[in-house]
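Everything quoted here is computed from the prediction, not taken from an experiment. Chain A is the first sequence line, chain B the second, and so forth, proteins listed ahead of strands; every chain is numbered from 1.
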2 protein chains.
Amino acid sequence: MLNQPAALDLTFHALADPTRRAIVERLSHSPASVSDLARPLAMSLPAVMQHLALLEASGLVVSEKTGRVRTCRIEPLAMRQAEEWIQARRREWVARLDRLGAYLNELQGKGGGDGPHE
Amino acid sequence: MLNQPAALDLTFHALADPTRRAIVERLSHSPASVSDLARPLAMSLPAVMQHLALLEASGLVVSEKTGRVRTCRIEPLAMRQAEEWIQARRREWVARLDRLGAYLNELQGKGGGDGPHE
DNA sequence: GTGATACTGAAGGATATGCTTAACCAACCA
DNA sequence: TGGTTGGTTAAGCATATCCTTCAGTATCAC
């Protein structure tokens, strides 16, 4: 519970970069090696490595080295937590709009005007 | 590579900071003035203003000034787009796991073994 | 062995980020 | 009128981010 905010920091920051999102998109389709990931990316291999290190630190990606090839794959849990944070916010403002609607409903009912229309 | 991805860049980057997520959480509950938002935040008012500017640039928050008070409220669309990007990734890897499962099923069916257990 | 492939580590530089303080303007209020 | 409240601007500073190049190490093919 204490590190939950820091985990979201890392996850959202990882997703804030287009290169890293491209890597996540690629890995959502299938696992891939580091050079597979680097090939379409218009930057040096060390740069891709640094993006991957950040993706691993955030928990979005896991990797395993076999021989000289490191195979990267997606780890869904981190992205799930980010999604749940967003959904929790939506539940809050939906609930607020519901309360507002109920209040306006009640006002119109007491005022004897037309019935609410929604 | 400048428009649509840039919107996600801004949204995820805005959500990567705990102060800005706290502001979004606060505004998900109800609209608030700038100083309402700043009061619990242990930093100067200009710092809060800079976070708000970034939240507005990302489209997560909108504000309106009446008299000398600026009232901020949440704008759900930006967060919705971020959520949809995450959901699209999940659809991809779920589809991949389904294909893998079907493949393993077929292998086991031909081999005459037990079904998969998950 | 030799050479190519796949990755890793270290150092550095340009720019971005997250805060600060100081000064300022624009409503309200007594 | 003068003072307080709410917000805004500008400048500056420490650190973080994103990329580079150069120099490795470890594995594989022959």
Side-chain angles (χ1 to χ4, degrees), chain A residues 3 5-27 30-73 78 82, chain B residues 1-2 5-27 30-73 78:
Chain A
N3 283 346
L8 282 178
D9 288 4
L10 290 175
T11 306
F12 281 127
H13 175 244
L15 294 177
D17 183 277
T19 298
R20 289 192 292 267
R21 282 201 308 280
I23 291 176
V24 168
E25 291 183 17
R26 170 66 183 80
L27 292 179
S30 71
S33 72
V34 174
S35 18
D36 283 345
L37 293 173
R39 196 163 301 117
L41 280 184
M43 70 181 63
S44 68
L45 198 64
V48 176
M49 295 278 304
Q50 286 165 27
H51 284 299
L52 277 173
L54 213 151
L55 285 167
E56 290 213 50
S58 75
L60 283 163
V61 164
V62 294
S63 73
E64 187 188 5
K65 193 160 182 179
T66 310
R68 60 182 165 172
V69 176
R70 176 171 298 277
T71 300
C72 306
R73 64 194 73 242
Chain B
M1 193 164 109
L2 200 62
L8 282 178
D9 287 6
L10 290 176
T11 305
F12 281 127
H13 175 244
L15 294 177
D17 183 276
T19 298
R20 290 191 291 265
R21 282 201 309 280
I23 291 176
V24 169
E25 291 184 18
R26 169 67 182 81
L27 292 179
S30 72
S33 72
V34 174
S35 19
D36 282 345
L37 293 173
R39 197 163 301 115
L41 280 185
M43 70 181 62
S44 68
L45 198 64
V48 176
M49 295 279 305
Q50 286 164 28
H51 284 299
L52 277 173
L54 214 152
L55 285 167
E56 290 211 52
S58 75
L60 283 163
V61 164
V62 294
S63 72
E64 186 189 6
K65 192 161 181 178
T66 312
R68 60 180 167 172
V69 175
R70 178 171 295 278
T71 301
C72 307
R73 64 194 75 241

Open item on the list: Between P on dT5(D) and CG on Leu37(B), what's the gap in Å once rounded to a whole number?
Closed with: 19 Å
Open item on the list: If I take atom CG in residue Leu45(B) and atom C1' in nucleotide dA10(D), what distance separates them, rounded to the nearest angstrom?
Closed with: 15 Å
- [ ] Quickly work out the Ile23(A) CD1 to dC19(D) P distance and round it to whole Å.
- [x] 10 Å
- [ ] Quickly, which of Leu55(A), Ile23(A), Thr19(A), Leu45(A) forms a side-chain contact (heavy atoms from CB on, under 4.5 Å) with Leu37(A)? Name it, please.
- [x] Ile23(A)
- [ ] Measure from the side chain of His13(B), starting at C-beta and using heavy atoms only, and say which of dC19(D), dG7(D), dG18(C) lies closest.
- [x] dG18(C)
Open item on the list: Rounded to whole Å, how long is the line connecting atom NZ of Lys65(A) with atom P of dT5(C)?
Closed with: 17 Å
Task: Side chains of Thr66(A) and Arg70(A), donor plus acceptor under 3.5 Å - done: no
- [ ] Rounded to the nearest 0.5 Å, what's the gap from OG on Ser33(A) to CZ on Arg68(A)? Could you check?
- [x] 11.0 Å
TODO: Check for a donor-acceptor pair, side chain of Arg20(B) on one end and backbone N or O of Leu15(B) on the other, with a separation under 3.5 Å.
DONE: no
- [ ] Return no unless some side-chain N or O of Ser44(A) is found under 4.0 Å from OP1 or OP2 of dT20(D).
- [x] yes
TODO: Can you tell me the distance, in whole Å, between the CG atom of Leu41(B) and the P atom of dG18(C)?
DONE: 14 Å
Open item on the list: Suppose we call a contact any N or O donor and acceptor under 3.5 Å apart; does that hold for the side chain of Arg68(B) and the base of dA27(C)?
Closed with: yes
Open item on the list: Of the options dC7(C), dC19(D), dG6(D), whose atoms approach the side-chain atoms of Val69(B) most closely?
Closed with: dG6(D)
Open item on the list: Tell me the interatomic distance from Glu64(A), atom CD, to dA6(C), atom C1', rounded to whole angstroms.
Closed with: 16 Å
Task: Nucleotide nearest Leu54(A) (side chain, heavy atoms from C-beta), chosen from dT9(D), dC19(D), dC18(D) - done: dC18(D)
- [ ] Counting heavy atoms from C-beta on, name the nucleotide in dC19(C), dT8(D), dC18(D) closest to the side chain of Met49(B).
- [x] dT8(D)
- [ ] Give the rounded distance in Å between these two atoms: CZ of Phe12(A) and P of dT17(C).
- [x] 18 Å
TODO: Go through the N and O atoms of the side chain of Gln50(A) and the base of dT20(D), and report whether any donor-acceptor pair is under 3.5 Å.
DONE: yes
Task: Between P of dT15(D) and CG of Asp17(B), the distance in whole Å - done: 18 Å
Task: Nearest-neighbour nucleotide for the Arg70(B) side chain, dT8(D), dG7(D), dC19(C) considered - done: dT8(D)
Task: Residue Val34(B), side-chain atoms from C-beta onward, closest of dC18(D), dT8(D), dG9(C) - done: dT8(D)
Open item on the list: Quick check: do Ser63(B) and Leu52(B) have side-chain heavy atoms less than 4.5 Å from each other?
Closed with: no
Task: Proximal nucleotide (of dC19(D), dG18(C), dT8(C)) relative to the Arg20(B) side chain - done: dG18(C)
